[in-house]
Amino acid sequence: MSSTFEYRFRSPLGGLAADLTAEYSPTDAEDAFFLQIDRKLRLIPPAGVHWRDASWLSYGLALNAPALVSRYPDGLTVRVTSFTYPLAHFRSKVAAFAMDGWLRQHFDLPDHGLRVSFDSAKGGYTFHWGDDRAPFSDDLAPL
């Protein structure tokens, strides 16, 4: 059964927003396209997703990989059925926040310290990645 997580961050520019609808199931031998996140942790992105959004969705899932792999040693597949956002209130990095929020909502996972702030001096957003200072580093999710 799928459910939706609504990510929202308000700012003087209006804010950031994205809605992620997803479901999960045990990993099986299905032939559907998937992205391998960790040993037996897979992501099936929504059809037609932009590569940047797919990368950040993967990153949000990879942050939670150790906990999910330990809970589901036989494997887990997360299928994103919908990822929508208003273009005026979106940055691709928000996909990681939406995925992390959806996972924490469903699996009662710890907060990894992902934060966003509005920097009025720069007139833009600053993204904070908690303890992970280098998104997409080679040692993020060892296989």
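Note that the coordinates shown come from a computational prediction; the quantities given were computed from them, not determined experimentally.
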ask   = side chain to side chain donor-acceptor pair (under 3.5 Å) with T81: which residues, sequence neighbours excluded?
value = none
key: Pairs involving residues 92-106, ordered by first then second residue, that meet salt bridge (Lys or Arg N to Asp or Glu O under 4.0 Å) (sequence neighbours left out)   = D100-R104
task = Please name all residues satisfying salt bridge (Lys or Arg N to Asp or Glu O under 4.0 Å) with E23, sequence neighbours left out, ordered by chain then number.
result = R79
query = At what distance, to the nearest 0.5 angstrom, does CG of L43 lie from CZ of F34?
reply = 10.5 Å
message = As an exercise, state the distance from CH2 of W129 to OH of Y59, rounded to the nearest 0.5 Å.
response = 6.0 Å
request  = Treat each ILVMFWY residue as a node, draw an edge where side-chain heavy atoms are under 4.5 Å apart, and state whether Y72 and M1 are in one component.
outcome  = no
task = Check whether any side-chain heavy atom of L13 sits under 4.5 Å from a side-chain heavy atom of F118, and report yes or no.
result = yes
ask   = Roughly how far, to the nearest 0.5 Å, is NZ of K40 from OG1 of T27?
value = 8.5 Å
key: Listed partners of S11 passing side chain to side chain donor-acceptor pair (under 3.5 Å), at least two apart   = Y125
ask   = Going through the distances and angles, do W102 and V80 end up as a side chain to side chain contact (heavy atoms under 4.5 Å, CB included)?
value = CA-CA 10 Å; W102 186 88; V80 178; over 6 Å; no
Residues which pass side-chain contact (heavy atoms from CB on, under 4.5 Å) with V69, listed by chain and number, not counting sequence neighbours = D38, R39, L41
ask   = Can you name the residues that form a side-chain contact (heavy atoms from CB on, under 4.5 Å) with D74, not counting sequence neighbours?
value = none
message = In the structure I gave you, are the side-chain heavy atoms of L109 and L68 within less than 4.5 Å of one another anywhere?
response = yes
task = Sort and list the pairs that fulfil salt bridge (Lys or Arg N to Asp or Glu O under 4.0 Å) and have at least one residue in residues 113-130, not counting sequence neighbours.
result = D111-R115
message = Tell me every residue that passes side-chain contact (heavy atoms from CB on, under 4.5 Å) with S70, counting only those two or more places apart in sequence or in another chain.
response = none
query = Just wondering, do M99 and N64 contact through their side chains at under 4.5 Å, heavy atoms?
reply = no
message = I'd like to check L63 versus L114 (side-chain heavy atoms, cut-off strictly below 4.5 Å). Are they in contact?
response = yes
Between side-chain atoms of residues 45-52 and protein atoms elsewhere (two or more places apart, or another chain), which donor-acceptor pairs fall under 3.5 Å?
from: H50; atom 1: ND1; to: R52; atom 2: N; distance (Å): 3.0

request  = Apply side chain to side chain contact (heavy atoms under 4.5 Å, CB included) to the pair F9 and F97, showing each step before the final yes or no.
outcome  = CA-CA 10 Å; F9 174 78; F97 288 74; over 6 Å; no
Check: L35 and L61 side chains under 4.5 Å, non-hydrogen atoms = no
ask   = Partners of A95 by side-chain contact (heavy atoms from CB on, under 4.5 Å), sequence neighbours excluded?
value = W56, L57, F83
key: salt bridge (Lys or Arg N to Asp or Glu O under 4.0 Å) contacts in which one or both residues fall within residues 9-21, not counting sequence neighbours   = R8-D19
message = For T21, give me all partners under side chain to side chain donor-acceptor pair (under 3.5 Å), at least two apart in sequence or on another chain.
response = T4
